[in-house]
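Ligands are counted one by one from 1 in listed order, and the atoms in each one are counted from 1 as well.
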Amino acid sequence: MEKKVTKIGVMTSGGDSPGMNAAVRAVVRTGLYHGMEVFGIMRGYAGLIENDIFPMHSKSVANIIQRGGTILKTARCKEFLEHEGRKKAYENLKKHGINGLVVIGGDGSFKGAQKFSNEFDIPCIGLPGTIDKDIAGTDFTIGFDTAVNTAVEAIDKIRDTADAHDRLFIIEVMGRDAGYIALHSGIATGAEHILIPEKKTDIDHLISSLQEKEKRQKLVNLVVVAEGDGFGGAEEVAKLVKEKLNADTRVCILGHIQRGGAPSCLDRLIASRMGYSAVECLMEGRHNVMVGIVNNKMSYTPLDKAVKAKQKIGDDWMKIVKILAS
Ligand code: ADP
Ligand code: F6P
């Protein structure tokens with residue numbers, strides 16, 4: 001028979017994302033509502049291994065729903081990649097009597113959670129917390145909406161100065177392995193071209209299309225590049241563009257501002273729904289799944305499926321970019 005989950009731990013792991021605090025708040029308050037004891041684990045798997053674990057109360061999560069970052073801090077932890085590290089983590093959980101875990105993070109964190117629960121029979125629930133939106137089984141990840149709006153606000157500002165000087169701007173947004181921030185922010189700001197890791201960059205086509213626009217005196221040109229684009233990011237693209245075109249060109253790398261800031265309404269909302277649902281999953285014995293939202297309904301994807309499959313970016317997206325920028 002399934003053991004009843006009575007004491008749960010919650011952690012944030014991997015790259016932070018706006019809305020993680022709202023998710024922690026939802027897990028803590030829902031757990032307490034159901035009579036559970038709830039423990040915060042500091043710095044993800046690092047805190048689990050170092051026994052940096054503390055009891056949380058309703059007040060522990062007061063006044064955080066609007067804050068970016070994560071009150072539980074986050075970390076990347078090499079030790080957890082090894083069985084010995086995970087064993088230490090398990091022993092610490094046992095000391096506190098914790099028999100259920102909620103991990104808010106990206107696919108790396110889910111890989112860790114999956115291994116951990118297979119080895120030590122601790123039910124784990126994953127909540128997708130990443131600005132990159134590179135996780136299968138959910139329409140949303142906590143932090144993406146805020147990050148993409150931050151990028152849009154910044155690119156709009158760049159457009160003003162680009163227009164004033166008739167300049168070409170190559171703007172780099174985050175996305176080591178995924179192009180969603182580039183794709184969404186690029187379309188929303190009217191970029192001429194969007195370069196993403198999921199599609200092979202045809203640099204000759206990019207140059208010839210910019211040359212053609214130069215001839216037509218289309219002077220404001222924005223090219224949005226995901227950092228993980230196969231060609232090597234904005235600096236590399238700009239080097240080549242400067243060699244081949246007369247255009248006055250500037251590079252702007254948006255960087256980590258995309259990870260910070262107050263979460264958007266959407267991110268607070270999905271984080272709250274997902275955090276609430278994570279506790280219900282633990283109570284109902286629905287273990288080792290990632291809680292997501294698909295078609296506005298909660299969805300539950302086995303952790304191994306959530307980490308194996310990436311979302312696909314169809315060619316129709318690129319067609320939209322091409323037609324709207326012509
Ligand atoms: P994210 O969760 O944002 O994708 P990472 O890929 O850095 O971030 O993963 C966060 C942490 O999860 C790692 O530092 C490590 O402790 C753990 N982790 C990642 N992959 C594995 C794995 N294959 N096995 C065990 N733990 C893992
Ligand atoms: O959160 C995901 C991500 O933003 C990637 O797009 C980026 O490459 C990475 O994190 C950078 O993270 P860090 O600077 O913490 O290594």
Side-chain angles (χ1 to χ4, degrees), residues 11-20 23 41-50 52 68-70 72-90 92 101-120 122 124-136 138 141-148 150-151 171-185 195-198 224-230 232-234 253-261 263 267 288 290 303-304 306-311:
M11 66 159 81
T12 49
S13 168
D16 66 316
S17 64
M20 280 183 161
I41 298 159
M42 295 301 290
R43 294 171 296 111
Y45 295 121
L48 201 53
I49 289 174
E50 290 160 27
D52 199 352
T70 157
L72 295 179
K73 310 262 184 187
T74 185
R76 298 197 164 93
C77 171
K78 285 203 176 123
E79 223 184 320
F80 200 75
L81 298 172
E82 308 299 330
H83 176 78
E84 272 312 301
R86 295 193 292 275
K87 193 157 166 256
K88 273 193 213 163
Y90 174 64
N92 287 331
L101 199 58
V102 180
V103 178
I104 307 164
D107 70 333
S109 303
F110 295 167
K111 280 182 201 152
Q114 196 201 348
K115 270 199 190 147
F116 188 59
S117 70
N118 287 345
E119 287 170 345
F120 298 105
I122 289 279
C124 292
I125 304 295
L127 299 188
T130 163
I131 64 165
D132 289 340
K133 203 172 103 72
D134 56 347
I135 290 177
T138 182
T141 62
I142 298 163
F144 173 75
D145 184 63
T146 308
V148 90
T150 299
I171 302 152
E172 184 174 299
V173 297
M174 271 191 162
R176 190 173 33 198
D177 307 307
Y180 289 98
I181 297 179
L183 193 63
H184 287 226
S185 65
L195 310 182
I196 56 175
E198 292 85 348
V224 175
V225 184
E227 62 175 316
D229 158 68
I253 297 175
L254 297 188
H256 286 76
I257 61 161
Q258 294 159 96
R259 282 240 295 254
D267 278 328
N288 305 333
M290 180 197 77
L303 283 175
D304 55 343
V307 300
K308 268 190 200 133
K310 297 249 164 175
Q311 296 184 17

Within the side chain of [X], is there an N or O that forms a donor-acceptor pair under 3.5 Å with the backbone of [Y]?
X    : Y    : answer
N288 : C124 : yes
Q258 : A151 : no
E227 : V173 : no
R43  : L72  : no
T74  : G14  : yes
D267 : G143 : yes
Y45  : S109 : yes

Legend entry - Heavy-atom pair with the smallest gap, counting every atom of A234 and E172: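 Taking every non-hydrogen atom into account, N-OE1, 2.8 Å.
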For [atom], what's the nearest protein heavy-atom neighbour? Residue, atom name and distance, please.
atom                    : value
atom 9 (C) of ligand 2  : R259 NH1, 3.7 Å
atom 18 (N) of ligand 1 : G108 O, 3.3 Å
atom 7 (C) of ligand 2  : E227 OE2, 3.0 Å
atom 4 (O) of ligand 2  : M174 SD, 3.1 Å
atom 5 (C) of ligand 2  : D132 OD2, 3.3 Å
atom 10 (C) of ligand 1 : S109 OG, 3.6 Å
atom 7 (O) of ligand 1  : R76 NE, 2.8 Å

Distance under 4.0 Å to a non-hydrogen atom of [X]: what atoms of ligand 1 satisfy this?
X    : value
G106 : 1 (P), 2 (O), 3 (O), 4 (O)
C77  : 13 (C), 14 (O), 15 (C), 16 (O)
G15  : 3 (O)
S13  : 10 (C), 11 (C)
F80  : 16 (O), 25 (C), 26 (N)

Separation between [atom1] of [X] and [atom2] of [Y], rounded to the nearest 0.5 Å:
X   : Y    : atom1 : atom2 : value
R86 : C77  : CZ    : SG    : 10.5 Å
K73 : D52  : NZ    : CG    : 10.5 Å
E82 : K115 : CD    : NZ    : 8.5 Å

Inset, instruction - Compare G14, P128, G112 and give the one whose heavy atom is closest to atom 26 (N) of ligand 1. - result: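 Of the listed residues, G112 has the closest heavy atom.
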Legend entry - Option of least heavy-atom distance to atom 22 (C) of ligand 1 (set: L81, T12, T74):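 Comparing heavy atoms across L81, T12, T74, the nearest one to atom 22 (C) of ligand 1 lies in L81.
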Ligand 1 and [X], any nitrogen or oxygen pair closer than 3.5 angstrom?
X    : value
A75  : no
K78  : no
R86  : no
K111 : no
G105 : no

Legend entry - Heavy-atom side-chain proximity of Y180 to T141 below 4.5 angstrom: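 No. Closest side-chain heavy atoms not under 4.5 Å.
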Inset, instruction - Please examine the side chains of D177 and P197, heavy atoms only from C-beta on, and report whether any two atoms are closer than 4.5 Å. - result: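 Of all side-chain heavy-atom pairs linking D177 with P197, none is under 4.5 Å.
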Legend entry - Proximity to ligand 1 by part of Y45, non-hydrogen separation under 4.0 Å: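 Within the 4.0 Å criterion, Y45 contacts ligand 1 through side-chain atoms alone.
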Legend entry - Side chain, backbone, both or neither: the part of K115 lying under 4.0 Å from ligand 1 by heavy atom: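 For K115, only side-chain atoms sit under 4.0 Å from ligand 1.
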Purely on distance, is any nitrogen or oxygen of [X] under 3.5 Å from one on ligand 2?
X    : answer
G175 : yes
T130 : no
R76  : yes

Inset, instruction - Please identify which atoms of ligand 2 are closer than 4.0 Å to at least one heavy atom of I131. - result: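 Near I131, the atoms of ligand 2 are 1 (O), 4 (O).
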Legend entry - Proximal atoms of ligand 2 relative to H256 (non-hydrogen, under 4.0 Å):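 The list of qualifying atoms is 13 (P), 14 (O).
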At under 4.0 Å between heavy atoms, is it the side chain or the backbone of [X] that contacts ligand 2, or both, or neither?
X    : answer
D177 : neither
K133 : neither
Q258 : neither

Inset, instruction - Identify the residue among L195, I196, I253, I171 that makes a side chain to side chain contact (heavy atoms under 4.5 Å, CB included) with V225. - result: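 Of L195, I196, I253, I171, side chain to side chain contact (heavy atoms under 4.5 Å, CB included) with V225 is met by L195 alone.
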Legend entry - Single hit among T12, V103, I104 for side chain to side chain contact (heavy atoms under 4.5 Å, CB included) with L127: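 Among T12, V103, I104, the one that satisfies the side chain to side chain contact (heavy atoms under 4.5 Å, CB included) with L127 is I104.
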Inset, instruction - Return the orientation label for the F144 and H184 ring planes: parallel under 30°, perpendicular over 60°, tilted otherwise. - result: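 Perpendicular: the ring planes of F144 and H184 meet at over 60°.
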Inset, instruction - Verify whether the ring centers belonging to Y90 and H83 lie closer than 6.0 Å. - result: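 Not under 6.0 Å, so no.
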Inset, instruction - Work out whether the distance between some heavy atom of D107 and some atom of ligand 1 is less than 4.0 Å. - result: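 Yes, D107 has heavy atoms under 4.0 Å from ligand 1.
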